[in-house]
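Below is one structure, written out as structure tokens; the observations come after it.
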2 protein chains.
Amino acid sequence: MSKHRPLNEEALLLVAQRFAVLAEPMRLRLIQSLFDGEKNVGELVTLTGGTQANVSRHLQTLTAAHILARRKEGLQVYYKIADPTIPRLCDVVCGAIEKQLARQAATFAATG
Amino acid sequence: MSKHRPLNEEALLLVAQRFAVLAEPMRLRLIQSLFDGEKNVGELVTLTGGTQANVSRHLQTLTAAHILARRKEGLQVYYKIADPTIPRLCDVVCGAIEKQLARQAATFAATG
DNA sequence: CAACTATATGCGTATATGCTCATATAAAGT
DNA sequence: ACTTTATATGAGCATATACGCATATAGTTG
């Protein structure tokens, strides 16, 4: 997007959609819970504190976006992070937010 | 988020909010238009094809998120990208999408 | 100060989407 | 086949937000 030629409308929508998928706290919780390896739905329900229905829905959304991958094993369904760029993406955003908060804290300390 | 300890609820909300800001096509168009330097609202209206009111609102949103910075010069207001991580962020997402589309294309070609 | 220009904003509406409850599906065990 | 367990999904509700229209504000020029 910065190194490349300007995106056409279609590509732009895809980028927006991808950001939208990552713009839900519960989905971020799920992603975070999966950073240390695959887990089944029940485990994710426990870890995130969400309801089973809601967790299942969000897992659907993340899988449809090719961010997670599904693996069925008997009654359980195991999910894992399928998109290797996700951790980097999250790191970049976290870094930006940390910097922003630090700057705000500094400004507050200086002028406040 | 991956290298760091798990985020607390508050940080998680901030990350989600930041992704949400980037999840709108018009805002991505504005960001894209600003990759080659600052522009005023009128120029951005022309470049993006949006209405003045809508462009102004989205610029507000982006500025509130500290993604853009505002500079007033007479009647005009100039905006520019203030967050240096934005281009990288967009590149990461674009790269992921390109890979995904390529993989889908390959699968389609292989299996018919 | 009146007219004009550039930008911002209040308000109403339409749409999208997250959440819950109940129920469906699928797989396993008895 | 029936029951139990794990996961998915349909329906309805509540909320968020993008957009358009009209208007307000700020700054400039005559």
Side-chain angles (χ1 to χ4, degrees), chain A residues 9 12-34 37-82, chain B residues 9 12-34 37-82:
Chain A
E9 255 335 87
L12 215 132
L13 287 180
L14 288 176
V15 174
Q17 278 175 22
R18 167 152 282 241
F19 279 126
V21 171
L22 296 171
E24 283 302 315
M26 176 58 81
R27 288 200 280 269
L28 292 179
R29 268 189 287 266
L30 290 168
I31 288 173
Q32 208 173 209
S33 303
L34 290 172
E38 75 173 1
K39 298 190 175 49
N40 64 41
V41 180
E43 293 171 323
L44 291 169
V45 167
T46 303
L47 283 169
T48 61
T51 66
Q52 184 270 321
N54 202 29
V55 165
S56 179
R57 260 179 223 293
H58 285 303
L59 289 171
Q60 288 282 109
T61 302
L62 288 163
T63 306
H66 300 280
I67 289 171
L68 301 186
R70 249 178 74 108
R71 179 176 69 85
K72 217 167 176 178
E73 181 177 322
L75 271 181
Q76 282 93 328
V77 177
Y78 286 84
Y79 287 88
K80 68 175 177 185
I81 295 179
Chain B
E9 257 331 90
L12 216 132
L13 288 180
L14 288 175
V15 174
Q17 278 175 22
R18 166 152 282 242
F19 278 127
V21 170
L22 296 171
E24 283 303 315
M26 176 58 81
R27 288 200 280 269
L28 292 179
R29 253 172 259 147
L30 289 168
I31 289 173
Q32 208 174 209
S33 301
L34 290 170
E38 75 174 2
K39 299 191 172 51
N40 65 39
V41 180
E43 292 171 322
L44 290 170
V45 167
T46 303
L47 282 170
T48 61
T51 66
Q52 183 271 321
N54 202 30
V55 165
S56 179
R57 260 178 224 292
H58 285 303
L59 289 171
Q60 289 281 110
T61 302
L62 288 163
T63 306
H66 300 281
I67 290 172
L68 300 186
R70 250 177 73 108
R71 180 176 68 85
K72 218 167 178 178
E73 183 176 319
L75 270 183
Q76 282 92 327
V77 177
Y78 285 85
Y79 287 89
K80 68 174 175 186
I81 295 179

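Naming: A, B, ... by sequence-line order, numbering from 1 per chain.
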How long is the straight-line distance from [atom2] of [Y] back to [atom1] of [X], given to the nearest 0.5 Å?
{"X": "Leu59(B)", "Y": "Tyr79(B)", "atom1": "CG", "atom2": "OH", "answer": "5.0 Å"}
{"X": "Thr63(A)", "Y": "His58(A)", "atom1": "OG1", "atom2": "NE2", "answer": "12.5 Å"}
{"X": "Ile81(A)", "Y": "Ile67(A)", "atom1": "CD1", "atom2": "CD1", "answer": "9.5 Å"}

- Note on the structure: 5'-most to 3'-most nt of DNA chain C touching chain B (<4.0 Å, heavy-atom partner on protein side) reads dT5(C) to dC11(C)

- With a non-hydrogen cut-off below 4.0 angstrom, is Tyr79(B) in contact with a base, only sugar-phosphate, or nothing? sugar-phosphate

- Step by step, would you call Leu28(B) with Phe19(A) a side chain to side chain contact (heavy atoms under 4.5 Å, CB included)? CA-CA 10 Å; Leu28(B) 292 179; Phe19(A) 279 126; 4.2 Å; yes

Find out whether [X] and [Y] are in side-chain contact, i.e. whether some heavy atom of one side chain is under 4.5 Å from a heavy atom of the other.
{"X": "Ile31(B)", "Y": "Leu22(B)", "result": "yes"}
{"X": "Gln32(A)", "Y": "Leu12(B)", "result": "yes"}
{"X": "Val77(B)", "Y": "Asn40(B)", "result": "no"}

- Which nucleotide of DNA chain D is the first, and which the last, in the 5' to 3' direction, to come under 4.0 Å of a heavy atom belonging to chain B? dA18(D) to dT28(D)

- Output yes when a side-chain donor or acceptor of Arg27(A) lies under 3.5 Å from a complementary backbone atom of Leu62(A), and no otherwise. no

- Task: Five pairs at each end of the helix from dC1(C)-dG30(D) to dT30(C)-dA1(D): take the axis at both ends and give me the angle between them to 10°.
- Result: 10°

- side-chain hydrogen bond (donor to acceptor under 3.5 Å, both in side chains): pairs with one or both residues in residues 14-26 of chain A, sequence neighbours excluded: Arg18(A)-Asp83(A)

- Hey, which sits more toward the 5' end of DNA chain C by its nearest nucleotide, Arg27(A) or Gly74(A)? Arg27(A)

Using every non-hydrogen atom in the two residues, find where [X] and [Y] come nearest and quote the distance to one decimal.
{"X": "Gly50(B)", "Y": "Val45(B)", "answer": "O-CG1, 3.3 Å"}
{"X": "Pro25(A)", "Y": "Ala23(A)", "answer": "CD-O, 3.9 Å"}
{"X": "Ser33(A)", "Y": "Leu44(A)", "answer": "CB-CD2, 3.8 Å"}

- Note on the structure: residues 39-60 of chain B vs salt bridge (Lys or Arg N to Asp or Glu O under 4.0 Å), sequence neighbours excluded, gives Asp36(B)-Lys39(B)

- Task: Taking only heavy atoms on the protein side, list every residue of residues 39-55 of chain A lying under 4.0 Å from any atom of DNA chain D, sorted numerically.
- Result: Asn40(A), Val41(A), Gly42(A), Gln52(A), Ala53(A)

